[in-house]
Amino acid sequence: MSTDSHLIQASTSAETAQQNETRRHILLTTPALIVLFCAASGPLLIMAVYSFLSPGDYGGVQWSFSTDGWFGVFMQRDIFDDTLTIADAHVSILWRSVKLSLMTTIVCLIFGLPTAYFIATRPASSRNLWLFMVTIPFWTNLLIRTFAVMELIRNQGVINTALKSIGAIEEPIQIMFTDFAIMIGMTYVYLPLMVLPIYASMEKFDFRLVEAGYDLYASRWNVLKRIILPLVKPGIVAGSILVFIPSLGAYVTPRILGGGKNLMLGNFIALQFGQGRNWPLGAALSITLLVIVMVALLFYVRGVGKSGNAHG
Amino acid sequence: MVSSVKSSAGAGKSKTTKTKSSPQEIAIDALHVTKIYRGDTDVLALDDVSVQIRKNEFFTLLGPSGCGKTTLLRLIAGFEHPTAGMITLEGEDISLLPPYQRPVNTVFQSYALFPHMSVAENIGFGLEMLGKPKSEIDRTVDNMLELVKMTELKNRQTSQISGGQQQRVALARALAPRPKVLLLDEPLSALDLKLRKQMQIELKRLQHETGITFVFVTHDQEEALTMSDRVAVMSEGNILQVGPPREIYDHPAERFVANFIGDTNFITAGLVSIGKSSAKVKLPSGKTVAAALPQGGISKSDAKGKVTVVIRPEHARIGKAASNSTLSGTLQNIVYIGTDTHYHLELPKGDIFIIRSQNQRDFEESHRVGKKYGIEIGPGAVQVLRD
């Protein structure tokens with residue numbers, strides 16, 4: 001009997017201790033939570049509210065409820081008879097954004113994987129130097145880097161001039177102001193974001209497993225497919241996400257390399273807050289972008305998880 | 001498919017391979033193999049090593065770290081290629097084949113199990129890569145699991161099993177494709193002593209049951225003596241002596257071998273006469289005794305009248321000091337270690353001679369430190385070293 005009550009006492013005191021612990025943790029994280037709210041959730045909330053207001057005459061919003069902003073994402077009102085039709089231009093911008101971001105991710109993966117492998121297999125002493133070289137582009141302003149890419153691919157640029165001088169082409173190849181130009185630019189800009197996470201998981205990879213694979217009659221291709229790729233998959237997933245998300249919302253690169261015609265979502269949103277003077281539409285588009293990213297991530301992570309289970 | 005590649009590659013060279021035994025009996029034949037690791041400073045890992053490993057034997061490469069034993073193993077596995085020399089497998093030159101084309105499998109020191117695969121998938125991996133049908137893979141995996149007594153853990157992830165179990169999976173994985181030679185790179189070094197002893201016996205059993213040639217690398221002399229049919233003692237990129245454990249232990253040819261395996265007393269003696277397989281040597285005490293000569297013998301000229309002889313501590317006995325004792329010394333230390341007692345005696349010249357004596361139950365220690373005792377040496381206990 002007495003031992004029982006002792007036990008109960010002990011367990012209650014343990015519970016209170018745990019409660020105190022939890023309270024302390026909440027207190028300690030409060031400052032961080034406030035910053036997070038102000039910096040992340042706050043602006044998002046403002047966006048959500050703005051998307052349900054009417055556009056102001058000179059930008060900004062009028063405080064009257066309206067769903068026109070959300071209608072405007074996919075629909076447009078005919079200026080003559082007020083009928084609603086699908087906004088083809090908006091859909092094509094959206095499609096171009098998704099397509100270019102996917103292609104950028106794939107190209108980054110194709111270049112990033114061997115690069116990360118190369119760095120991870122260097123002697124430990126020289127790895128940091130290689131990593132440093134991968135990150136050097138980050139030190140320069142994005143705008144300048146994008147202009148540098150333009151200098152390479154424009155009609156009178158380095159590539160076309162060189163090709164002309166050796167007589168490979170008569171007329172310059174039109175790369176500037178195409179989707180391809182945007183993809184080149186984005187691949188260049190976001191490649192380090194693919195290399196670094198893959199490198200991080202490759203660095204942890206036990207390369208003795210490669211020897212074990214060779215020893216068990218696996219060819220180079222099979223070693224890559226059956227041993228290396230499944231084990232560095234977390235890095236590939238992280239890298240793909242890190243490249244895909246900023247690509248989808250890219251602004252500077254498509255603005256400069258795509259010219260005025262090849263808008264991506266980022267430019268289109270910026271347009272609404274600028275010359276378009278339609279902040280509610282801009283806000284609705286921003287939230288649409290957010291939703292696309294979240295849905296894409298959900299599917300991607302799910303799909304990858306499943307294929308992982310099939311392997312394991 | 002793998003073996004067909006091999007036979008065509010080896011056919012041309014097999015004639016150049018001249019071996020003393022018939023080629024069928026030899027599994028691995030290393031001929032003047034040299035391996036230099038290029039770098040800022042070149043490292044000579046193997047220096048003109050020649051060794052023959054017979055079919056169906058448990059062969060051990062024994063030596064301290066850095067002696068080249070692992071390098072030799074990696075050359076046989078195909079992870080490295082020799083700088084000079086040739087390695088043949090059953091008469092076929094495999095020196096330049098990549099590891100995935102050699103019917104040779106390795107049990108790695110780190111086990112190197114694939115962490116994203118189950119126990120069964122690990123074991124079946126080699127067969128799968130060889131393109132065997134699913135039914136055959138399943139059957140072999142089950143047999144292997146039974147062989148290493150792991151059937152219940154078939155579907156576990158490799159991270160969910162203990163070190164000893166991982167060891168068994170690594171063994172089963174390497175044995176599953178039925179390699180012609182199984183290479184084991186210090187596979188027991190990560191296990192605790194009790195498990196290690198158990199696995200030593202287990203390995204011997206597996207070798208016996210499968211009939212596969214085992215090449216085992218270790219720095220543990222006891223492990224080498226326990227398991228091997230033959231042992232090669234290596235030092236600084238050379239093989240110093242090859243022979244059955246008994247011969248290596250009882251008739252070490254060189255100081256390094258004698259020193260590395262077991263405890264040894266080294267004594268400098270004068271060479272009196274030299275015969276075919278034995279010699280007469282004069283010990284510092286003035287007594288002349290018969291001594292065994294190492295295989296290959298020694299030449300009197302390069303010994304300059306002085307030779308080093310070894311006497312194992314357990315081949316000598318402590319006795320009364322008498323004028324006719326083979327050697328005598330002052331007792332310095334008595335070390336009781338349970339099974340044995342070690343007597344440290346100081347010889348007149350200052351060298352320490354150790355005698356090991358097996359303890360009897362309720363045995364009373366009658367020897368006293370500081371007193372003079374005789375050292376009785378059994379017949380055939382004296383071995384002359386080559387150097």
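Because the structure is predicted, anything quoted here is derived from the model rather than measured. By convention in this document, chain letters (A, B, ...) are assigned in the order of the sequence lines, proteins followed by strands, and residues within each chain are numbered from 1.
At a 4.5 Å heavy-atom cutoff, the contact between A:Ile227 and chain B is made by backbone and side-chain atoms alike. At a 4.5 Å heavy-atom cutoff, B:Leu127 makes no contact with chain A through either its backbone or its side chain.
With rounding to the nearest 0.5 Å, the separation of CZ in B:Arg74 from CD in A:Glu211 is 4.0 Å. Atoms CG and NE2, from A:Leu209 and B:His116 in turn, are 8.0 Å apart once rounded to the nearest 0.5 Å. To the nearest 0.5 Å, atoms OH (B:Tyr111) and CG (A:Asp206) are separated by 13.5 Å.
A:Arg226 places a side-chain heavy atom less than 4.5 Å from the side chain of B:Met129. Using a 4.5 Å heavy-atom threshold, the side chains of A:Asp215 and B:Phe79 count as touching. In this structure the side chain of A:Leu216 never reaches within 4.5 angstrom of the side chain of B:Pro99, judged on heavy atoms. Between B:Gln109 and A:Arg208, every side-chain heavy-atom pair lies at or beyond the 4.5 Å cut-off.
Within a 6.0 Å sphere centred on CD of B:Glu146, heavy atoms belonging to other residues, nucleotides or ligands number 12 at most. Atom CD of A:Gln18 is surrounded by 12 or fewer heavy atoms from other residues, nucleotides or ligands within 6.0 Å. The environment of NZ in A:Lys204 is sparse: at most 12 heavy-atom neighbours from other residues, nucleotides or ligands sit within 6.0 Å. Atom CZ of A:Phe111 has 12 or fewer neighbouring heavy atoms from other residues, nucleotides or ligands inside a 6.0 Å radius.
Nearest heavy-atom pair across A:Ala218 and B:Phe125 is CB-CE2, 3.9 Å.
For the residue pair A:Tyr217 / B:Asn105, a side-chain donor-acceptor distance below 3.5 Å is found, with atom types taken as modelled.
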